[in-house]
Undergrad: 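Supplied in structure tokens, the structure appears directly below.
Worth saying up front: this structure is predicted, and the values here are computed from it rather than measured. Chain letters run A, B, ... following the sequence lines, proteins first, then strands; residues in each count from 1.
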Amino acid sequence: MKIRTAKYIIREGIFNIYRNIFMTLASVGIITATLIIMGIFLLLVLNLNENTRILKEQPEMEVFCSPELTDMEIYEVRAKISGYELVEKFHMVTREEAFQELVEIFENRQEMLEGYDESIMPVSFIIELKDPTRSDEAISYFKSINGVESVRYSLDAIRFISAVTNWVRVISTILIAILLVVSLFIISNTIKLTVFARRKEINIMKYIGATDWFIRWPFIVEGAIIGFMGSILAFIITGYAYNVIVDRFNRDFVGISSNFIRLVELNRIGFDIIMAFCLVGVAVGAVGSLVSIRRYLRV
Amino acid sequence: MVELKNVYKRYPNGTVALRDINLKISKGEFVFVIGPSGSGKSTLIKLILKEEDATGGEIIVNGFPVSTMSRRQIPYLRRSLGVVFQDFRLLMNKTVYENVAFAMQITEALPKDIRRQVPMALALVGLSKKANAYPGQLSGGEQQRVAMARAIVNNPSLLIADEPTGNLDPETSWEIMRLLNEINQRGTTVLVATHSKSIVDAMRKRVVVLEKGAIVRDQEKGSYENEDKDGKVYY
């Protein structure tokens, strides 16, 4: 293909988008909706993966004291843990250490920690068990100690999250596949209207010797641009909503529960998401065009 | 130029549109194809353009083996000839100039050739002044002249006109015919399917008469009707 032909094709494709502005908007809306739903699942899976990874890095069992315990009370808890028969070894995490960890987690959003100091953090004990198979017994013992607020046992959590992740993956794959087929169908119908409106023109082009691809390309460009616009719009909406959720989530949950789940910051995964959106959006638009123009080319 | 050997065309519904057509048109000829509606004129043109495939026989147009070549070759066959239709078939959202230039654009012609040849074609059909008008602003005769400029802009060796004057008044029809004649004088082979008796009679060109799908007469310098001694009128 020559450059001037490419220019013609792109100009024509963009022109078609203006010509059928309402159908274009409808198609963009459909692609956007599909991609937003895809985005929700994508974010869910990404977050689950991230949290699984974090959990895997963490020690096997961690016993959290209530944040308001005095040093004396903490000493008593410590004594009870060190005297327990199932404990192989343990390490005490001080308030200062815990707060320092929090500071590291929020390296980009220090403003959230303003006005707080280590006094908000609970003291915790990282414990290695002699016999991991008796973890249930150990957990109920630790929970019975006065002043212990919660026990986190990572292996359980990892198993649980992995199971959830798998299910989410399966469900989202099926749902996304269905949505893709539906949006492909709707897009191809939209472009079919464009093609139908221009069937006389296509017919004339065929008569004066235009090749099928010469006729096809502008429609493919049209579909791809519709897909691209849909993916950008979907990214803006998804990204904005996700940021709001991350802010709210981190403000409301972080610091209260020491068992917190972390939401991945958008700037870390934004690029992956926009790439996925564009890829899917453009592909759906272009393939939809191809499907819809096929039968009008036989002249 | 154009050669049909024992060509048959039978539509899927069973209608036999053409039977045993043998026709040879040489370079530089001007040929009228006439006959009543349903005689097979349109089918003949559709076969030459490979809009329809023949059910039997062999068709060669401008060296293209029309009856055996693949669908992918069709655009190149059509580029080698110019076509003019009864209903003009212009792109209504493009100007006169753009309509003519478009026929060159699709062949990926050089912009400098387009800039040179489009005005020449428009001058030939006498529409230089209307280059920036849209087809909707032109009369029927002018629109047909645009279609002719588009048909000849790629310098085809064969020009096919299917009822080119069917939608035009007699005076305008004559202009179109004069133009076709002029194009023919410049060396282009011209094939015209028509109903217009007065034009065929006046032009005194080769006349091929189709009736019920068969060629019943092929005559140099012919007329629309053929009277025998008894005064009986044939097509």
Undergrad: Is it the case that B/Lys94 places NZ or CZ above or below the six-membered ring of B/Tyr134, under 6.0 angstrom from the centre and within 45 degrees of the axis?
TA: no

Undergrad: Show the nearest heavy-atom pair for residues B/Arg79 and A/Ile208, with the distance to one decimal.
TA: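 Heavy-atom minimum between the residues: CG-O, 4.2 Å.
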
Undergrad: Nearest 0.5 Å please: distance from the CG atom of B/Leu77 over to the CD1 atom of B/Ile48.
TA: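 The CG atom of B/Leu77 sits 9.5 Å away from the CD1 atom of B/Ile48.
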
Undergrad: Give the interface residues of residues 137-166 of chain B toward chain A, defined by a heavy-atom separation under 4.5 Å.
TA: B/Arg150

Undergrad: Pairs in or reaching into residues 24-44 of chain B: which pass ring-ring contact (aromatic ring centres under 6.0 Å, His included), with residues at least two apart or in two chains?
TA: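 Passing the test, one end in residues 24-44 of chain B: B/Phe30-B/Phe32.
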
Undergrad: So how far is it from A/Tyr207 OH to B/Ile74 CD1, rounded to the nearest 0.5 Å?
TA: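 Answer rounded to 0.5 Å: 10.5 Å.
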
Undergrad: If the threshold is 4.0 Å, N to carboxylate O, is there a salt bridge linking A/Lys206 and A/Asp212?
TA: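 Yes, charged N to carboxylate O under 4.0 Å.
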
Undergrad: Give, for atom CG of B/Leu180 and atom OG1 of B/Thr188, the distance between the pair rounded to the nearest 0.5 Å.
TA: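 Going from the CG atom of B/Leu180 to the OG1 atom of B/Thr188 covers 10.5 Å.
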
Undergrad: Please enumerate all residues that pass side-chain contact (heavy atoms from CB on, under 4.5 Å) together with B/Lys9, with sequence neighbours excluded.
TA: B/Tyr11, B/Ala17, B/Leu18, B/Thr43, B/Leu47, B/Glu52, B/Thr55

Undergrad: Give the interface residues of residues 103-127 of chain B toward chain A, defined by a heavy-atom separation under 4.5 Å.
TA: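 Near chain A, by residue number: B/Ala103, B/Gln105, B/Ile106, B/Glu108, B/Ala109, B/Leu110, B/Pro111.
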
Undergrad: Under 4.0 Å between a side-chain nitrogen and a carboxylate oxygen: does that hold for B/Glu182 and B/Arg186?
TA: yes

